[in-house]
Number of protein chains: 2
Amino acid sequence: MTANLNGIRSAASKGFFPWFLTQEIDVLCVQETKAQQHQLSEQILAVPGYVSLFEDAEKRGYSGVALYARIAPDRVHRGIGLADLDAEGRYLQADWGNLSIASFYAPSGTSGAERQAQKERYMERLTTMFGEMLADQRQYILCGDMNIAHTTRDIKNWRSNQNTPGFLPHERAWLDHVFDDIGICDAFRAVDQRDEQYTWWSMRANARANNVGWRIDYHFVTPNLRASVREAIITPQPFFSDHAPLIITYDLDLPTHQPHYPPLGLTS
Amino acid sequence: MTANLNGIRSAASKGFFPWFLTQEIDVLCVQETKAQQHQLSEQILAVPGYVSLFEDAEKRGYSGVALYARIAPDRVHRGIGLADLDAEGRYLQADWGNLSIASFYAPSGTSGAERQAQKERYMERLTTMFGEMLADQRQYILCGDMNIAHTTRDIKNWRSNQNTPGFLPHERAWLDHVFDDIGICDAFRAVDQRDEQYTWWSMRANARANNVGWRIDYHFVTPNLRASVREAIITPQPFFSDHAPLIITYDLDLPTHQPHYPPLGLTS
DNA sequence: CGTAGTATG
DNA sequence: CATACTACG
């Protein structure tokens, strides 16, 4: 499951974690924790049956990603190698044997040219990383909020948003390149071709009730996992955030679904 | 009526003005509007049957007093003659013939020595003004939040608050001086000798439910009005703010209770 | 604890 | 429009 929670504390106060525990999830990738680990309650730090990992922004109340897993990873990687963006808590990867899963959060470009430039630096770095991921033969699932809708069926009002960051022609072309040229798989689209399958709705103007949304949250997977993608589910209910969680089920031979990882409180 | 509304917009959203209109009030003095006039809705600016006057802080969202009256005053005075404190919107006086009514808001000293020093400058200036008011023979009613509880019966936990700004020995002694030496009348105490008659409760720790309060809101009246004080009522219900409105009824010969001042929208 | 402001999205 | 942080009380 990947979920931009728009404040992990806010989502927790709306019952996210009790609901999450009903979903039988092996790995949860969270974006926009908007908190530093020292500010988190036990309910958030020590989810029964999971190890939790946090990659916080240096700036309080801003950005930040997390990853919860039933099985403790062998190794953890933080950041994408760009110091300023890494200080914003935007990439956290866990490795289990041949499999890596990451929680990523691309910058939003909606607050101005400077942030759009940072978003594009993040995109460029991902381009390089995707190439390396394909080359090293391991299996990768990058889960997160890319802040880009791909095609006209991934956004309600595509015409009026052609000049809006998140649906700019060159952003969409970058996703074309990632999927068509590099060969990364959009796991949702591997199994679901329907339109109006959105993962984010503006909080303004009743956008969610009218399903005026965008599909900007993804599982980016290496082609060696394409055949393993079994099912994709967006869960807009219950409401925890302006984003809906996206659950993708993979057929994998890894012991990622042990009945219960002992709740050892291994919170880092 | 005097009421520290701790945000006039917040109080309005809780229904303060509809309730106020049921109370048959001639003059309303408001403190802590926490807004500038240009931010106010018509519901707040144009209360039917009243003229409204606002004395805002220069700093947005901070302090500010207002005065509503059934009868338009002959003259309005703003500030106490101390430029820095006057920039915080802490004094607004309206005159009708021989009668003046003011809405005042003394600085709080609870956030540090610097603010306590400002509070004491405000107190000193009031001392001078009280002397002048007695000398000029007019009738004065100064309504507002003094941020000082007078005696041990004006505060729940007097022992533990002897070192707390708002109940410091020299603050209490200043009120002794104002009442006993200068001759200003505490209109509430002119007609009500009960203890536990509080006008403010901390918003923390369930203080209001347990009536852990302070009487820090006053009508300060010149001695030529003492005999006119008929009744004092604190209205802790309904809840609009951390302060309760204080209503004092005066027997006066002035036309302050015309059935309805025409709602002309005279909002300044 | 609660009303404001601010940044950020 | 919503989650944060901050100031102030």
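Within every chain, numbering begins at 1; the chains are lettered A, B, ... in the order of the sequence lines, protein sequences first and strands thereafter.
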Short side-chain N/O contact to [N] OP1/OP2 from [X], under 4.0 Å:
X        : N     : result
A:Lys59  : D:dA4 : no
B:Tyr62  : D:dG9 : yes
B:Ser108 : D:dG9 : no

Using heavy atoms and a sub-4.0 Å distance, could you list which residues of [range] are near DNA chain C? By number, please.
range                       : result
residues 110-125 of chain A : A:Thr110, A:Ser111, A:Arg115
residues 197-211 of chain A : A:Met203, A:Arg204
residues 152-165 of chain B : none

Output all residues satisfying side chain to side chain contact (heavy atoms under 4.5 Å, CB included) with [X], sequence neighbours left out; order by chain, then residue number.
X        : result
B:Pro238 : B:Trp19, B:Phe240
A:Glu55  : A:Val65, A:Arg78, A:Leu92
A:Asn161 : A:Ile155, A:Asn157, A:Thr164, A:Phe167, A:Trp214
B:Thr2   : B:Cys29, B:Gln31, B:Cys143, B:His219, B:Leu246

Rounded to whole Å, please give me the gap between [atom1] in [X] and [atom2] in [N].
X        : N     : atom1 : atom2 : result
A:Asp145 : C:dT8 : CG    : P     : 17 Å
B:Arg90  : D:dG9 : CZ    : P     : 7 Å
B:Tyr105 : D:dC8 : OH    : P     : 12 Å
A:Lys34  : D:dT6 : NZ    : C1'   : 15 Å
B:Asp242 : D:dC8 : CG    : P     : 17 Å
A:Leu5   : C:dG9 : CG    : P     : 17 Å
A:Phe240 : D:dA2 : CZ    : C1'   : 17 Å
B:Asp217 : D:dG9 : CG    : P     : 15 Å

I'd like to check the salt bridge (Lys or Arg N to Asp or Glu O under 4.0 Å) partners of [X]; sequence neighbours left out, ordered by chain and number.
X        : result
B:Asp154 : B:Arg189, B:Arg215
A:Glu124 : none
B:Arg9   : none
B:Arg90  : B:Glu88

Check: Pairs in or reaching into residues 158-168 of chain A: which pass salt bridge (charged side-chain N to carboxylate O under 4.0 Å, His left out), with residues at least two apart or in two chains?
Finding: none
Check: With a non-hydrogen cut-off below 4.0 angstrom, is A:Gln39 in contact with a base, only sugar-phosphate, or nothing?
Finding: sugar-phosphate
Item checked: Backbone of A:Asp195 reached by a side-chain donor or acceptor of A:Gln197 within 3.5 Å -> yes
Next item on the list: Look at B:Glu171 together with B:Lys119 and state whether they make a salt bridge at an N to O cut-off of under 4.0 Å.
Entry: yes
Margin query: So if I take every side-chain heavy atom of B:Glu32 and compare against C:dA7, D:dG9, C:dT3, which nucleotide ends up nearest?
Written below: D:dG9
Next item on the list: For B:Lys14 and for B:Arg60, find the nucleotide of DNA chain C with the closest heavy atom, then tell me which residue's nucleotide is more 5'.
Entry: B:Lys14
Margin query: Angle between ring planes, A:Phe130 versus A:Phe220, binned at 30° and 60°: parallel, tilted or perpendicular?
Written below: perpendicular
